[in-house]
Structure formats: C-alpha cells, structure tokens
Amino acid sequence: QVQLVESGGGLVRAGGSLRLSCAASGSIFVINAMGWYRQAPGKQRELVATVTTGGSTNYADSVKGRFTISRDNAKNTMYLQMNSLKPEDTAVYYCNANVRSSTTLWPQNYWGQGTQVTVSS
C-alpha cells in the first residue's frame, strides 16, 4: 500500500506565491513519473505539471513560466513552486504518482487527498 499526502495549500493574494509538497510513504519499491493536477468547482480535473524520475518536466500552458515542479527521490517527495498566482489558479491541487510497490508486481497510479489553493483578487 502507498500513500500520498499533500501540504502547503492556503489563501494568498494575486501575485503571491505558494509551495506545495507531496510526500509518498508505504511499501515503495520505485516511484516512476509524478505529477500535479488541479480541479476547480464545476470543472474537470486538469494536468498542471509532471516530472519523471530523471527530472524531465512538462507544464500546462496556463502555468508555464510561473510554476516549477521538482522532486527529491531520496525523500520520496515532490514539490510545486507556484509564483505570480492568479485567481484562476484557485482549485484543489492533487498529487499523483505512478508507483511500483514492494507488494505488487505492476506499477499503479496513486492519488493524494488534495490541498486547497485559493487566490484572491
């Protein structure tokens, strides 16, 4: 079993910054790709950014140049540095990881519980 826990969300003014963290724990053998997703009320969940084991990254056009995704493999932790925040960034942010656990043969996707990010005008 694998657990993902997000932290770092909160309320900020437009133009401000937040740093989200996602800590993975449990029976982890290998963590493959990881990513951040977000979901605003009444909207579908969308991809924000991804990072591979080797550190290659991809970003949604809406956050490119403002957000930075990174990971610390030794700590099984992923981060999302969010700068120049806009009201349209308001959403619940979810951590996702593709993990091969110590108790399963095949890698599986896991989700965190989500953390609220609210950006005021």
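Computation of the quantities below employed the complete heavy-atom set of this structure, encompassing side-chain atoms and omitting hydrogens, waters and symmetry-equivalent molecules. All values derive from a computational prediction rather than experimental measurement.
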Reference residue Leu20; test side chain to side chain contact (heavy atoms under 4.5 Å, CB included); the match among Gln81, Met78, Met82:
Met82
Going only through I, L, V, M, F, W and Y residues with side-chain contacts under 4.5 Å, is there a path from Tyr94 to Leu85?
no
Shortest non-hydrogen contact from Asn83 to Ser17?
OD1-OG, 2.9 Å
Is it the case that the side chain of Thr118 and the backbone of Thr90 share a donor-acceptor pair, with hydrogens and angles ignored and the cut-off at 3.5 Å?
no
In one Ile/Leu/Val/Met/Phe/Trp/Tyr side-chain cluster, 4.5 Å: Val48, Val92
no
May I ask you to test the Lys86-Arg66 pair for a side-chain heavy-atom distance under 4.5 Å?
yes
Gln1 versus Ser101: any side-chain heavy-atom pair under 4.5 Å?
no
Just distance, no hydrogens or angles: give the donor-acceptor pairs under 3.5 Å from side chains in residues 31-45, sequence neighbours left out.
residue	atom	partner	partner atom	Å
Asn32	ND2	Asn98	OD1	2.9
Trp36	NE1	Tyr79	O	3.4
Arg38	NE	Glu46	OE2	2.8
Arg38	NH1	Asp89	OD1	3.0
Arg38	NH1	Tyr93	OH	2.9
Arg38	NH2	Glu46	OE2	3.3
Arg38	NH2	Ser62	OG	3.4
Gln39	NE2	Lys43	O	3.1

Indicate the atoms forming the closest heavy-atom contact of Tyr110 with Leu4, along with that distance.
O-CD1, 3.2 Å
Separation between CD1 of Ile69 and OG of Ser56, rounded to the nearest 0.5 Å:
11.5 Å
Identify the two heavy atoms, one from Glu6 and one from Cys95, that lie closest to each other, and give their separation to 0.1 Å.
OE2-N, 2.7 Å
If you take all heavy atoms of Thr77 and Lys75, which pair is closest and at what distance?
OG1-O, 2.9 Å
Using the rule given for side chain to side chain contact (heavy atoms under 4.5 Å, CB included), can you reason through Leu80 versus Thr68, listing the C-alpha separation, both sets of side-chain angles and the distance that settles it, and then say yes or no?
CA-CA 6 Å; Leu80 185 68; Thr68 302; over 6 Å; no
Heavy-atom closest contact (Arg71 atom, Thr53 atom, distance):
NH1-N, 3.3 Å
Any side-chain heavy-atom pair from Val99 and Ile28 closer than 4.5 angstrom?
yes
Taking it one step at a time, do Val5 and Gln113 satisfy side chain to side chain contact (heavy atoms under 4.5 Å, CB included)?
CA-CA 7 Å; Val5 179; Gln113 81 288 347; 4.2 Å; yes
